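The structure displayed is predicted, hence computed values, not measured ones.
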Amino acid sequence: MAKKKQIDHVGIHSFSKKTDWIFSTLVGILSFSCILPFIFVIVISLTDEKSLNLHGYSFWPESLSWSGYEYLLTLKDEILQALFITVFITVVGTTVNVFFTSLYAYAISRNDFKYRRFFTMMALITMLFGAGTIPTYIIMTSFLNLKDTVAALILPMMLSPFNIMVMRTFFKKTIPDSLIESARIDGAGELKIFFKICLPLALPGIATISLFTALAFWNDWYNALLYIQSDNLVPLQYLLMKIQSNIDYLAQNAGAGANIASVAASVPREATRMAIVVVSTLPIACLYPFFQRYFVKGLTIGGVKE
């Protein structure tokens, strides 16, 4: 009995305690090296501008200041409006993207779907070749008349070929054909099978593509650059880029006149630059712990078949 327990113990724990400690230490160092730059950015954003000009960047600044964030607070109305637009397009865009992506992936994952190869190739082709900026712009503005609308920020990213391939593999690996056939024998239709059986089982995969999609919508500024001219529809990332561009313009043209020089001198350039990074990154980074369990499972599913 003791020998059997020892064998079971060895089978469960394939590494010794020393090896586990070594790997844990290496992973800990790697994790710390990944989060260290963001900590450094936060420290710089809280450093006094004069200290930055005199001593440069440092983890232990000579003096602390909220000047970068105070400057952003002077633009709080624009930032709050842009934040609302960004949150709206992130939530709505992610929901729409995940819904249509999952439907598409489920269809091409079923072996009894006659045209699965054709639609799989269509998705793969769009991953390799794009229509180009000019044709896309003409379709969005001239044919669909979506310029200066929220839809212009959502529609170009409404479907993701990469996420389709991820979910297609996920459906194939996690949902056996026998389960689908049993549901059909019980009288369930395709939509009921998809919503009642497949989606609950595919929750880790959905969480994975949801995180990818939410990051894409949150960080998107290019579509706003192309299609948005109204100040009320500017997303956060694009607004922060405009603020940074204005600060750089003031710094480069400080000698053009007394008014510009005085304004440029009052703006904490470096601290504000880092504060912009924190404001644009921290909210979406806080969502990751809630997705982590499903995210890891979604990435590793199919790697080992149980």
Worksheet item: Are Ile44 and Ile35 joined in one hydrophobic group, where the rule is that I, L, V, M, F, W and Y side chains link up if heavy atoms are under 4.5 Å apart?
Response: yes
Practice prompt. Please lay out, stage by stage, how Leu159 and Thr126 fare under the test side-chain contact (heavy atoms from CB on, under 4.5 Å).
Written response: CA-CA 11 Å; Leu159 201 62; Thr126 57; over 6 Å; no
Practice prompt. Find the distance between NZ (Lys147) and OG (Ser230) and round it off to the nearest 0.5 Å.
Written response: 12.0 Å
Worksheet item: Going from CG on Asn232 to CD on Glu78, what distance comes out if it is rounded to the nearest 0.5 angstrom?
Response: 10.0 Å
Worksheet item: Rounded to the nearest 0.5 Å, how far apart are CD1 of Ile175 and SG of Cys198?
Response: 3.5 Å
Item to complete: With sequence neighbours left out, write down each residue that passes side-chain hydrogen bond (donor to acceptor under 3.5 Å, both in side chains) with Lys196, or none if nothing qualifies.
Response: none
Worksheet item: Is any side-chain heavy atom of Lys242 closer than 4.5 Å to a side-chain heavy atom of Asp231?
Response: yes
Worksheet entry | CG (Leu26) with more than 12 external heavy atoms under 6.0 Å | yes
Discussion item. Please determine whether the number of non-hydrogen atoms from other residues, nucleotides or ligands lying under 6.0 Å from atom CZ of Phe113 exceeds 12.
Written reply: yes
Worksheet entry | Heavy-atom closest contact (Thr213 atom, Gly93 atom, distance) | CG2-O, 4.4 Å
Worksheet entry | Short side-chain to backbone donor-acceptor contact, Tyr104 and Phe119, under 3.5 Å | yes
Worksheet item: Roughly how far, to the nearest 0.5 Å, is the CD1 atom of Ile85 from the CG atom of Leu236?
Response: 11.0 Å
Worksheet item: With a 4.5 Å heavy-atom cut-off, do Thr74 and Tyr71 have their side chains touching?
Response: yes
Practice prompt. Indicate yes or no for a side-chain donor-acceptor contact from Ser24 to the backbone of Trp21 under 3.5 Å, with no hydrogens or angles considered.
Written response: no
Discussion item. I need the Met167 CE to Leu103 CG distance, nearest 0.5 Å.
Written reply: 10.0 Å
Worksheet entry | Rounded distance [0.5 Å steps], OG1 in Thr136 versus CG in Leu226 | 9.0 Å
Item to complete: Identify the residue among Thr95, Asn97, Val98, Leu203 that makes a side-chain contact (heavy atoms from CB on, under 4.5 Å) with Ser210.
Response: Val98
Item to complete: Say whether, by atom type as modelled, one donor and one acceptor occur between the side chain of Trp221 and the main chain of Leu239 under 3.5 angstrom.
Response: no
Fill in: For Ile42 against Ser45, the heavy-atom pair lying closest together
O-OG, 2.6 Å
Fill in: Phe212-Tyr222 co-clustered via ILVMFWY side chain contacts under 4.5 Å
yes
Practice prompt. Identify whether Ile125 and Phe118 are in the same connected component of the hydrophobic contact network (ILVMFWY, side-chain heavy atoms under 4.5 Å).
Written response: no
Discussion item. Name the residue from Thr90, Asn223, Thr86 that meets the side-chain contact (heavy atoms from CB on, under 4.5 Å) definition with Leu153.
Written reply: Asn223
Item to complete: Could you list the residues that satisfy ring-ring contact (aromatic ring centres under 6.0 Å, His included) with Phe38, not counting sequence neighbours?
Response: none
Worksheet item: Side chains of Ser102 and Ile209: closer than 4.5 Å at any heavy-atom pair?
Response: yes
Fill in: Contact summary for Ala123 and Pro161, nearest pair of heavy atoms
O-CB, 3.4 Å
Fill in: Gln237 side-chain N/O to Asn219 backbone N/O, donor-acceptor pair under 3.5 Å
no
Item to complete: Evaluate the side-chain proximity of Ile108 to Met121: yes if any heavy-atom separation is below 4.5 Å, no if none is.
Response: no
Practice prompt. Please identify each residue that fulfils ring-ring contact (aromatic ring centres under 6.0 Å, His included) with Phe99, with sequence neighbours left out.
Written response: none
Practice prompt. Determine yes or no for a side-chain-to-main-chain donor-acceptor pair under 3.5 angstrom, with Ser280 supplying the side chain and Val277 the backbone.
Written response: yes
Worksheet entry | ILVMFWY cluster, Leu80 and Ile243 together (side-chain gap under 4.5 Å) | no
Worksheet item: Do the side chains of Asp112 and Arg184 get nearer than 4.5 Å, heavy atoms only?
Response: yes
Practice prompt. Answer yes if Leu179 and Leu191 sit in the same cluster of Ile, Leu, Val, Met, Phe, Trp and Tyr residues linked by side chain heavy atoms under 4.5 Å apart, and no otherwise.
Written response: yes
Worksheet item: What's the verdict on side-chain contact (heavy atoms from CB on, under 4.5 Å) for Tyr69 and Leu46, showing C-alpha distance, side-chain angles and the deciding distance?
Response: CA-CA 8 Å; Tyr69 296 97; Leu46 295 174; 3.6 Å; yes
Discussion item. Set out, in order, the CA-CA distance, both residues' side-chain angles and the distance that settles side-chain contact (heavy atoms from CB on, under 4.5 Å) for Leu155 and Leu144, then state yes or no.
Written reply: CA-CA 11 Å; Leu155 187 61; Leu144 299 179; 3.7 Å; yes
Worksheet entry | Evaluation steps, side-chain contact (heavy atoms from CB on, under 4.5 Å), between Leu146 and Tyr227 | CA-CA 8 Å; Leu146 294 179; Tyr227 307 120; over 6 Å; no
Fill in: 4.5 Å side-chain heavy-atom contact, Tyr106 and Ile193
yes
